[in-house]
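Working notes, beginning with the structure itself.
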Amino acid sequence: MGTDLLVFALYGAVTVALAWGLAGYMHRVYAGERVFLSPVLAPVERAFYAAAGTGPDRLQGWTGYALAVLAFNLAGFVLLFAILRLQGLTPWNPEAIAPMAPDLAFNTAISFVTNTNWQAYGGEGELSYFSQMVGLGVQNFVSAATGMAVAVAVIRGFAAQGTGRLGNFWVDLTRTVLYVLLPLAILMALLLVSQGVPQTLAAYARAITLEGAEQVIGQGPAASQIAIKQLGTNGGGFFSVNSAHPLENPTILSNMAQSVSILLIPVAFCFLFGRMVADRRQGLAIFAAMGILFVAGLSVIYAQELAGNPLLASEAGVTGGNMEGKETRFGIALSALWAQATTAASNGSVNAMHDSFMPLSGLVMLVNMQVGEVIFGGVGAGFYGMLLYVVLAVFLAGLMVGRTPEYLGKKIEGREVTLAVIAFLSMPLGILVFGALAATVPQALAAVQDPGPHGLSQILYAYSSATGNNGSAFAGFGADLPFHTTLQGIAMMLGRFAFIVPMLAVAGALSLKTPAPASAGTFPTHTPLFVVLLMITVVILGALTFFPALLLGPIAEHVSMIAGQSF
Amino acid sequence: MSKQTLSGPSLAGLAPRAGRQALAKLDPRALVRNPVIFATAVVAALVTVLGLRDLASGAPDAGVALQIALWLWAAVLIANFAEALAEGRGRARADSLRATKTETQVKVLRQADSPHDSATRVSSAALKKGQIVLVQAGDIIPADAEVVAGVASVDESAITGESAPVIRESGGDFSSVTGGTRIVSDWLVLRVVSEPGRSFLDRMIALVEGAERQRTPNEVALNILLAGFTLIFLFVVVTLEPFAVFSGISIPVVFLAALFVTLIPTTIGGLLSAIGIAGMDRLARANVVAKSGRAVEAAGDVDVLLLDKTGTITFGNRMADALIPAAGVAERALAEAALAASRADETPEGKSLVDLARRMLGGDGAPLPVAEAIAFSAQTRLSGVDLADGTKLRKGAVDAVLRHTGATLDRGLAASVDQIARSGGTPLLVSRGDRILGAVHLKDIIKPGVRERFAELRAMGIRTVMITGDNPLTAAAIAAEAGVDDFLAEATPEAKLDLIRKEQDGGRLVAMCGDGSNDAPALAQADVGVAMNSGTPAAKEAANLIDLDSDPTKLIEVVLVGKQLLISRGALTTFSIANDVAKYFAILPALFVAAYPGLAALNLMNLASPQSAILSAVIFNALVILALIPLALRGVAYAPASAAALLRRNLTIYGLGGLVVPFVGIKAIDLAVGALGLM
């Protein structure tokens, strides 16, 4: 256990140190300043702008920015949908995999465009290399870049001096991919290859086992895919069992590198925010709130898994924690760490089966997603999601200092509150309303493998994962029924765009306001008190909304387990 | 001088009428304005119907359902009652104002210089803007008007509560009269400046009555947030039924309805409009009329206060502060001469010099024998006395006394005189014959307590800027002594306007007060402009607040009232939302414990039975609104402090309190419900 804690501490230290450096680099990139990669990349960047007829001086207001985001994502969706449906006609398909069914292709296309990477399919059986690389690979980059660009634009809105301009989406998108995601993904892919992850276009390997049976071993251009799946909080694995697969995640080093890369960019956004608003304390306060919530969640999962199932202990004499659904090479600590990181950060990749975690671990994972993926959250998306809570926290408590609530010197008024409420409604709508439909409609119920509270947890997990754009799943949930592929597709869009558009609008409204200089009368948003306030807001507004449903799911399962009943 | 404020009757006196109005406010058209209370009423109606159905069909839980319905209606009525109570005070005040607005016969002149006996009589109700009216001692002034001829004293107590009559005359800053006030001496010829029905009095009645009450920006935003929460909890409760069915549990609709109402923010929803009305009311009790609620909120946000030096920071006049004898002159001799020379001086400066000299002499010693008092004249710019022996005692400005005596200042005295001028004071010299006895230090006296007041404002993050016509040297000295953060010397209306614009460009909100017509542009430009009621119509028109007492220090009160209003709203919102935690823990285990006995562990309050738990939560929900009505009307206690300190304090009281209080309250009600056998 001492070693485990040391591993956690080391993980935290490495992630934060790398993120701190990355934030400084990203700050220069988004400001259009020269960085060490500029000599190589600047000409490419300029060529893109020339081809697209745009440039860094073409600044957009929030409507222009939002329309560009929507148009780009719509085009991405259409392209990906077409690739999946035309799989039989595209190259690099040595296994001659057939086109994807329409509803599944709809679900998959939305899933990758919205940075969810919910996989209602199995990668080895249903996707060609072309679909993986050109279809999904491209979206892995650009969906991540979309979230990051939007976050940068939102931050610019919060920081603007009354200009009303949020930047240029095409420029932010290009810079994100060229300067941030590509270099990091290349480094990461090389690291993974060094650890034994395949990167090939060859057909699947066929081996004769000791018993004489033939075994087909899936392979392909995995390393590049896995690198961006982690860095871009996409989470869609190359193989169906994701990073629990020995070729997707072969060693402890590859496991730690992937764990770090899940949180790297989301953490960096906290520090980037501090730099962009020219007050690093503001970024540190948000980092502290996210960090404390993260550690709290990790503690619960780790403690629960370490304790294991009391029924197994008492009836079968199984001790040493809950190892069901975990890779023995990773064990409890690394599986718990990954589970917390991947659900907190809207990543969705797994190195253990979440369905098999203890009920209260499942509760933590559900809460991570249900609060809107704001505990670091998806790249960019987690940060603008947290800014939504900041707006609500400031508005609720800010009145208590006797002034119109302000954040960074800008008044939070009716328009901002209206937009924040609209964005905020998308989580209960996608999770509770859609989840309730899934728990009621007979065609949907066929997907649920287990009865009772665990079955309800599976439904809640599926819709929390979709609406939170996470993408991980509780196994045992048959996600490929047309009912779910369709409704989940809608939930993923809701969780993505019903956040992006209102938050860009909030940023647009704030960008028009001239910040008032801070004084002793200003609501302090960088103090430990504010950190506590922000965490309480996340817990009370975010988590308590789902408390009744969670009570019937993981909590009921937990108390039943204590009482000696299993499902 | 007696001073009656416009305060209305006591709350207890208003309660019966408010009770009746609470019922009248059940009208759905009135309820729909408040989304949270409207939702509560709809649910209450639903539960009533279900309860009656159960009663008719003899279902076992009909009694519980009807009790829940009763308490849901109670919550709606209590919220209505709070609003009616807040409105009641304003209405009572409006009634007393309306009493002064009786219809009278008015003497109308054709022109301002028409002979008074040529006046024709018309009804005051028919009076139009621009008409010329004659009023004589005893008449009620029929409309807001400007004096075009005459000087008279006017009793404005109907509006201001100030019983001492004020002088009104044509021209200058004292030319405006208000309809409903009474002329007590002489006569005035007036030009009517308001249309019938739009007079100051009419507007004031509408304002205090709340008829023209528009929701303020923060209130609108808060209402949206509360409506959003209501919608979210609707999702939560409506979807709970399918989740429960999936889990094999059936939850009575009545219990779901109870859960919904306890979760939505009924506390703040029920008290929101009462808080707003009470805030306006507090301002009205300070004798300030807000022309819009927006101004009151803006007052809470103010970053910079522009304060006129005279009357706000200093007393109106300079006062003698010290006597500095010339070389070889006894201090006592100087004091005696100064006392004698000022004997006949009736100006405030003269009186203050007499006071000072008397204090220094300690009451002993015979007064010098005075033969003749010499009054101040513009030619000599000196005043004083000739003594019985013919000695001339004089005092006056330095150059005037030097010219009068032909003497020169010794080095010590010259330095003192210089020092006085540099410190912002005014030096006078006192002479006996042709000898200079010494200097008098006249200075602006800072009002007691202002320094501490400004320190408080600074702690709240508000900068104070002193506006004065003095030269920069004098202004700097007074500014330093008064503790203001900045000053604007040799201020002109344009300079004032520029200063306001400059501060606003920096993102700051500016408040100022003024009375003269030349203040009007600055008053209009300021975010919060307080006009003195004694001021000109132009100033009153440009301002968004009018101080009936014409007291420039009132600006600070206005800021405090604005802050208190916002704090009250924020505190009760925080309290209301924090309450949800306990309500979850009261109701949810009660709903599910039959299916999952282990969930009894979440019954933290150890409530007697599921039915009792739900009923207790609903009762608490209604009673907490009632319990908080006094707080909503009075406003949250507020002492000036930094935002960080306020946040810490209010978050502890209303946030932590909001978490803890319902646990205790629901448990207590559960015990009472059990003891009374309601279950």
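Just so we're on the same page: letters track the sequence lines, and every chain starts at 1. All figures in this text were calculated on a predicted structure; none of them were measured in a lab.
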Pick whichever of L396(A), L399(A), L392(A) has the most heavy-atom pairs under 4.5 Å with chain B. L399(A)

So which residue, A518(A), G435(A), G398(A), A438(A), ends up with the most heavy-atom pairs under 4.5 Å with chain B? G435(A)

Measure the spacing between CG of L552(A) and OH of Y596(B) and express it to the nearest 0.5 Å. 6.0 Å

Return all side-chain donor-acceptor pairs below 3.5 angstrom for residues 647-658 of chain B, not counting sequence neighbours, or 'none' if the list is empty.
from    : atom 1 : to      : atom 2 : distance (Å)
N650(B) : ND2    : M400(A) : O      : 2.9
N650(B) : ND2    : L646(B) : O      : 3.4
T652(B) : OG1    : R648(B) : O      : 2.5

Tell me the closest heavy-atom pair linking G507(B) and A516(A), and the distance in Å. O-CB, 3.1 Å

Counting C-beta onward and ignoring hydrogens, is there a side-chain heavy-atom pair between F547(A) and V236(B) closer than 4.5 Å? no

Would you compute the distance between atom OG of S519(A) and atom CZ of R508(B) and round it to the nearest 0.5 angstrom? 9.0 Å

To the nearest 0.5 Å, tell me how far L225(B) CG sits from F395(A) CZ. 6.0 Å

Measuring heavy-atom distances to chain B, does A563(A) have an atom under 4.5 Å in its side chain, in its backbone, in both, or in neither? neither

Heavy-atom cut-off 4.5 Å, strictly under: side chain, backbone, both or neither for D505(B) against chain A? backbone

Is it the backbone or the side chain of I540(A) that comes under 4.5 Å from a heavy atom of chain B, or both, or neither? side chain

By a 4.5 Å heavy-atom criterion (distance strictly below it), what part of P428(A) contacts chain B: side chain, backbone, both, or neither? both

What part of K411(A) lies closer than 4.5 angstrom to a heavy atom of chain B: side chain, backbone, both or neither? side chain

So what's closer than 4.5 Å to chain B heavy atoms on V421(A): side chain, backbone, both or neither? side chain

So how far is it from F243(B) CZ to L460(A) CG, rounded to the nearest 0.5 Å? 5.0 Å

Checking L429(A) against chain B: side chain, backbone, both or neither under 4.5 Å from a heavy atom? both

T440(A) side chain reached by V245(B) side chain, heavy atoms, under 4.5 Å: no

Calculate, to the nearest 0.5 Å, the distance between atoms CG and OG1 belonging to D301(B) and T404(A) respectively. 3.0 Å

What part of V532(A) is in contact with chain B, defined as an atom under 4.5 angstrom from a non-hydrogen atom: side chain, backbone, both or neither? neither

Using heavy-atom distances under 4.5 Å, tell me whether F530(A) contacts chain B through its side chain, its backbone, both, or neither. neither

Between T522(A) and chain B, with a heavy-atom cut-off of 4.5 Å, which part of the residue counts as in contact: side chain, backbone, both or neither? backbone

Check each atom of Y638(B) against the heavy atoms of chain A and say whether the ones under 4.5 Å are side chain, backbone, both or neither. neither

Part of L602(B) within contact of chain A (heavy atom distance under 4.5 Å): side chain

Within residues 586-594 of chain B, contacts to chain A at heavy-atom distances under 4.5 Å involve L588(B), F592(B)

Residue I459(A) versus chain B: region with a heavy atom under 4.5 Å: side chain

d(I567(B) CD1, R403(A) CZ) to nearest 0.5 Å is 11.5 Å

